[in-house]
Amino acid sequence: MAEPVFFARSAPVSLAEIAGLAGVPLPAGAPDLGIENVAPLDDAGPHDVSYMDNARYAEALAATRAGLCLVSKRFAASVPSGTFALVVPEPYKAYAAVLTRLYPEALRPASVFGTSGRSPGSYVHPSARLEDGVGVDPGAVVGPGAEIGRGTVIGAGAVIGPSVRIGRDCSIGPQTTIQHALLGNRVILHPGVRVGQDGYGYALGQGRHIKVPQIGRVIIQDDVEVGANTTIDRGTTRDTVIGEGTKIDNLVQIAHNVVVGRHCIIVSQVGISGSTTLEDYVVLAGQVGVIGHVRIGRGSQIAGDSNVNCDVPAGSRWGGTPAKPVREWFRELTLLKNLAAKRGRSDESAAD
């Protein structure tokens, strides 16, 4: 059985072009080298590019056989003689630019059926409006009154609800469902994403819990990416909003009426309760929980496994349960560690 090639590689790239992508001049005396591929330091060969910006990989850098290493000034002297070192301000960003140049098709998911237009077995309601160049894979359903922009791909088994709006050059993954939602341009929803279903709203009572109708929408702005099996509930009487450029990992829950600002980062297994606001550039690390009706200020960062139960000022770094400023959190952890160690010594002395 032949090994499949999932992503086609473009023509080799010169060192001069790579320097241009990284925004730095090519040093005098650079070799005439064509870069054909990318690889980690320990797997790279003489026609591969790798990068280095973390001291943990010092041994791998010393032993690398890469033809080119994109490296920060800090590690330039450690690059072996057989590898050309190109010093760049941000090696990982430069590496990403080279990856994009060599593998442009990997930037967003494509049709799993490998065709353009409406595939056999797809179901598009006669009143739906699709611009030229929209791809609809087998098993996908596009409901009445839906509108989909040019260059968008609707994956196999996806369901686009009535009157949904999807912008141009989007990728809607297989088995995704979208209801009561407006999506901007260049939005990527990976497989299994759920958008626009009922928010979890009930008026609690001793006899029975009364379901509260959820009549809001979900607004997803341009250049948002949402990971597999993430759920974004529609609002109760106002919209749930995901701001421009925000990147959401797999398995995230975003409840009704949540407003996420522009260019936020939300990592896997985060849960955000209803009516919470994240201002622009907020980072929530893995498994963070946020209670409802709080505001996390612009540029704040919350450490993994933390639980936020109050407003967080802009520019803060918080962690812990309940979350608090990291210095305070670290002091508490150190105090507990010291108390536990002291108690352990006391128990040992008593035993003697």
Side-chain angles (χ1 to χ4, degrees), residues 54 56 190 192-195 197-204 209 212 214 218 224-236 238 240-243 245-347:
N54 190 322
R56 294 182 179 183
H190 288 279
V193 167
R194 309 297 183 205
V195 173
Q197 59 282 338
D198 276 11
Y200 190 68
Y202 297 89
L204 306 184
H209 306 313
V212 177
Q214 308 289 299
V218 174
V224 168
E225 185 162 357
V226 182
N229 296 316
T230 282
T231 57
I232 304 174
D233 296 343
R234 70 176 183 269
T236 306
R238 69 172 187 173
T240 301
V241 179
I242 309 298
T246 284
K247 311 301 181 186
I248 301 172
D249 201 355
N250 305 329
L251 297 170
V252 169
Q253 159 65 11
I254 298 177
H256 58 191
N257 307 331
V258 167
V259 176
V260 176
R262 299 176 302 124
H263 307 292
C264 293
I265 297 294
I266 302 175
V267 184
S268 182
Q269 298 184 359
V270 163
I272 305 175
S273 299
S275 300
T276 282
T277 297
L278 275 60
E279 296 182 359
D280 298 344
Y281 296 98
V282 166
V283 176
L284 302 183
Q287 296 186 328
V288 164
V290 185
I291 70 165
H293 306 275
V294 300
R295 177 179 290 268
I296 300 180
R298 178 186 173 96
S300 292
Q301 300 178 8
I302 310 298
D305 295 319
S306 300
N307 291 282
V308 178
N309 67 355
C310 62
D311 291 348
V312 178
S316 300
R317 298 178 64 218
W318 281 30
T321 300
K324 54 185 69 68
V326 289
R327 289 186 178 180
E328 181 181 341
W329 178 37
F330 289 163
R331 283 198 298 269
E332 290 181 0
L333 293 175
T334 300
L335 177 61
L336 288 172
K337 180 179 179 181
N338 291 340
L339 287 172
K342 183 177 180 180
R343 176 62 181 269
R345 289 193 295 270
S346 297
D347 290 346

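Excluded from the calculations below are hydrogen atoms, water molecules and symmetry mates; all remaining heavy atoms, backbone and side chain alike, are included. Numbers here are sequence positions counted from 1.
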Query raised in the report: What is the distance from atom CD1 of Ile302 to atom CG of Leu278, rounded to the nearest 0.5 Å?
Result: 8.5 Å
Report task. Can you sort out the partners of Thr230 under side-chain contact (heavy atoms from CB on, under 4.5 Å), two or more places apart, ordered by chain and number? Result -> Val226, Ile232, Ile248, Val252
Query raised in the report: If you look at every heavy atom in Val288 and Ala303, which pair is closest and at what distance?
Result: CG2-O, 3.2 Å
Query - Distance in Å, His209 NE2 paired with Leu204 CG, rounded so as to fall on 0.5 Å steps - result: 5.5 Å
Query raised in the report: Short question: side chain of Asn250, backbone of Ala228 - any donor-acceptor pair under 3.5 Å?
Result: yes
Report task. With rounding to the nearest 0.5 Å, note down the distance linking NE2 in His293 to CG in Asn257. Result -> 8.0 Å
Query raised in the report: Among all residues two or more places apart in sequence or in another chain, which pass the salt bridge (charged side-chain N to carboxylate O under 4.0 Å, His left out) test with Asp280?
Result: Arg262, Arg298
Query raised in the report: Cut-off 3.5 Å, side chains only: do Asp249 and Gln269 have a donor facing an acceptor?
Result: no
Query raised in the report: Going by heavy atoms in the side chains, are Gln197 and Asp233 under 4.5 Å from each other?
Result: yes
Distance-only donor-acceptor hits, side chain of residues 307-315, under 3.5 Å, sequence neighbours excluded:
{"residue": "Asn307", "atom": "ND2", "partner": "Thr321", "partner atom": "OG1", "Å": "2.9"}
{"residue": "Asp311", "atom": "OD1", "partner": "Arg295", "partner atom": "N", "Å": "2.9"}

**Report entry** Test item: Ser273 side-chain N/O and Val290 main-chain N/O as donor-acceptor pair under 3.5 Å
**Finding:** yes
Query raised in the report: Taking only residues two or more places apart in sequence, or in another chain, which ones meet Gln301 in a side-chain contact (heavy atoms from CB on, under 4.5 Å)?
Result: Val283, Arg317
**Report entry** Any donor-acceptor pair under 3.5 Å from Ser300 side chain to Ser316 backbone
**Finding:** yes
Report task. Starting at OG1 of Thr240, measure out to CZ of Arg234 and round the result to the nearest 0.5 Å. Result -> 9.5 Å
Please tabulate, for side-chain N and O atoms in residues 324-335, each donor-acceptor pair with protein atoms closer than 3.5 Å (sequence neighbours left out).
{"residue": "Lys324", "atom": "NZ", "partner": "Pro322", "partner atom": "O", "Å": "2.7"}
{"residue": "Thr334", "atom": "OG1", "partner": "Phe330", "partner atom": "O", "Å": "2.9"}

Report summary line: Nearest heavy-atom contact between Cys264 and Glu279 is SG-O, 3.2 Å
Report task. Could you tell me which non-hydrogen atom of Ser306 sits nearest to which non-hydrogen atom of Gly320, and how far apart they are? Result -> OG-N, 2.9 Å
Query raised in the report: If you take all heavy atoms of Ala255 and Gly274, which pair is closest and at what distance?
Result: CB-N, 3.5 Å
Query raised in the report: Of all residues at least two apart in sequence or in a different chain, which pass the side chain to side chain donor-acceptor pair (under 3.5 Å) check with Gln214?
Result: Thr236, His256
Requested in this report: Please round to the nearest 0.5 Å and tell me the distance separating atom CD1 of Ile272 and atom CD1 of Ile254.
Outcome: 5.0 Å
